[in-house]
Protein chains: 2
Amino acid sequence: MKELVSRCPIEEVMQLLGGRWPSLLIYYLSDGTKRFSDLQRDNPTISHKMLTLELRKLEDAGIVRRTDFDGYPRRVEYGLTEDGERLVPLIDALGDWWGSMVAAPADATVVAAD
Amino acid sequence: MKELVSRCPIEEVMQLLGGRWPSLLIYYLSDGTKRFSDLQRDNPTISHKMLTLELRKLEDAGIVRRTDFDGYPRRVEYGLTEDGERLVPLIDALGDWWGSMVAAPADATVVAAD
DNA sequence: CTGTATCCATCCCGATACTG
DNA sequence: CAGTATCGGGATGGATACAG
């Protein structure tokens, strides 16, 4: 079943950003334009293949802009679109939320188990 | 995890919320406390097994609180913790962002269907 | 009703090799 | 340098059966 018409936009956006890499790549790109090999250096553990696929996915979603200067050797640059930039603070907010979680463990939030 | 801890909290929080179901379950639970079978009805396409696993994951993360009234038949209720509640608007913001994306495509190519 | 365990198909992803 | 294609192992998740 490939047809998933999400009723909830949340479901869709999580499909896009949910994996391990998308948000990380966005994070690194928020720093400025980078080349393919720069991103490889930033993320030493991502495979060549996955970097390509993730970038393509983000590009298709309109989050990442790809610029191909085809000379030799080839040179391609990746950067965030405006939509991508707008996404950064939202992702950041999730990070802050997570930070507040680990700072104050869930134990303390349990209220009077009667 | 097997490897080093993520430098970026984003990476961690996405590992948690990234899949198809977590955010949806949180959405449904933001509505109020629900039983296992209620959630099954809300999400007709999730399998029994995955519902259990996802709920357990969210519970372990301190997002969901599980209350087991063990009578007969058994009855278990799920609800959001305070941390979970605080997460809702953040997820919502992502949904809004996504909504603004589809509303105004970055690339106006396909719009004109003459 | 809720939860656990098992089996098994599927898919994701890394490694590798090749192209321009 | 950047991208594509292919293969195979391992993780992921559905179906099912069973337990409390």
Side-chain angles (χ1 to χ4, degrees), chain A residues 1-4 6 11-12 14-25 28-29 32-61 63-80 113, chain B residues 1-4 6 11-12 14-26 28-29 32-61 63-80:
Chain A
M1 302 253 226
K2 46 181 40 274
E3 45 65 41
L4 71 102
S6 325
E11 189 174 343
E12 297 178 349
M14 279 307 178
Q15 291 278 351
L16 175 66
L17 302 176
R20 177 174 180 185
W21 304 115
S23 49
L24 263 192
L25 293 179
Y28 284 120
L29 288 176
T33 300
K34 305 242 182 163
R35 299 182 56 173
F36 187 87
S37 46
D38 293 330
L39 291 170
Q40 276 190 311
R41 258 186 300 281
D42 288 337
N43 305 275
T45 62
I46 194 174
S47 70
H48 187 144
K49 175 184 175 181
M50 284 313 293
L51 182 52
T52 303
L53 290 181
E54 297 289 348
L55 284 172
R56 185 83 59 232
K57 185 173 70 173
L58 294 176
E59 187 193 355
D60 289 345
I63 294 176
V64 160
R65 176 177 39 240
R66 176 178 177 276
T67 313
D68 189 338
F69 309 86
D70 48 21
Y72 186 82
R74 191 167 185 179
R75 180 175 156 213
V76 178
E77 289 190 349
Y78 293 92
L80 292 183
Chain B
M1 308 314 169
K2 48 193 59 176
E3 182 103 10
L4 50 92
S6 328
E11 190 174 341
E12 297 178 350
M14 280 306 176
Q15 292 279 348
L16 176 65
L17 302 177
R20 178 176 179 184
W21 304 114
S23 49
L24 263 193
L25 293 179
I26 291 169
Y28 284 119
L29 288 177
T33 301
K34 305 243 183 161
R35 300 182 56 172
F36 188 86
S37 46
D38 292 330
L39 291 170
Q40 275 189 312
R41 257 187 299 281
D42 288 338
N43 304 275
T45 62
I46 193 174
S47 70
H48 187 143
K49 175 184 174 181
M50 285 311 293
L51 182 53
T52 303
L53 290 180
E54 296 290 349
L55 284 172
R56 184 84 59 232
K57 186 173 71 173
L58 294 176
E59 187 193 355
D60 289 345
I63 294 176
V64 161
R65 177 176 37 241
R66 176 178 177 276
T67 312
D68 188 338
F69 309 86
D70 49 22
Y72 186 82
R74 192 169 185 177
R75 178 174 156 216
V76 178
E77 288 190 350
Y78 293 92
L80 293 183

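Naming convention: chains lettered A, B, ... in sequence-line order (proteins, then strands); numbering from 1 in each chain.
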Distance check needed: [N] [atom2] versus [X] [atom1], whole Å only.
| X | N | atom1 | atom2 | result |
| --- | --- | --- | --- | --- |
| A:Glu54 | D:dG3 | CD | P | 14 Å |
| B:Leu51 | C:dT4 | CG | P | 12 Å |
| A:Tyr72 | C:dG20 | OH | C1' | 9 Å |
| B:Asp38 | C:dT2 | CG | C1' | 13 Å |
| A:Arg20 | D:dT12 | CZ | P | 12 Å |
| B:Lys49 | C:dC1 | NZ | P | 21 Å |
| B:Leu53 | D:dT12 | CG | P | 11 Å |
| B:Met50 | C:dG3 | CE | P | 15 Å |

With a 3.5 Å cut-off and just heavy-atom distances, do the side chain of A:His48 and the base of C:dG14 make a donor-acceptor pair?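 Not at all, since no donor on one side and acceptor on the other fall under 3.5 Å apart.
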Would you say a side-chain N or O of [X] is under 4.0 Å from OP1 or OP2 of [N]?
| X | N | answer |
| --- | --- | --- |
| A:Arg35 | D:dA2 | yes |
| B:Arg56 | C:dT4 | yes |
| B:Arg75 | C:dT2 | no |

Does a salt bridge link A:Asp38 with A:Arg41, judged by any charged N lying under 4.0 Å from a carboxylate O? yes
For B:Tyr78, answer base if it contacts any base atom (sugar-phosphate contacts may also be present), sugar-phosphate if it contacts only those atoms, and nothing otherwise; contact means non-hydrogen atoms under 4.0 Å. sugar-phosphate
By the 4.0 Å heavy-atom rule, please label A:Thr52 as base, sugar-phosphate, or nothing. base
Of A:Ser47 and B:Val76, the one whose closest DNA chain C nucleotide lies more 5':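 Checking each residue's closest nucleotide, the 5'-ward one belongs to B:Val76.
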Stepwise, does the side chain to side chain contact (heavy atoms under 4.5 Å, CB included) test hold for A:Asp42 with A:Leu25? CA-CA 9 Å; A:Asp42 288 337; A:Leu25 293 179; over 6 Å; no
Any idea which heavy atoms bring A:Arg74 and A:Arg66 closest together, and the distance?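 It is NH2-NH2, 3.9 Å.
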Given B:Arg56, which partner from the list B:Thr52, B:Leu53, B:Leu58 fulfils the side chain to side chain contact (heavy atoms under 4.5 Å, CB included) test?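 Only match with B:Arg56 under side chain to side chain contact (heavy atoms under 4.5 Å, CB included): B:Thr52.
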Taking CZ in A:Phe69 as the centre, count heavy atoms belonging to other residues, nucleotides or ligands within less than 6.0 Å. Is the count above 12?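 Yes, the 6.0 Å shell around CZ holds more than 12 heavy atoms from other groups.
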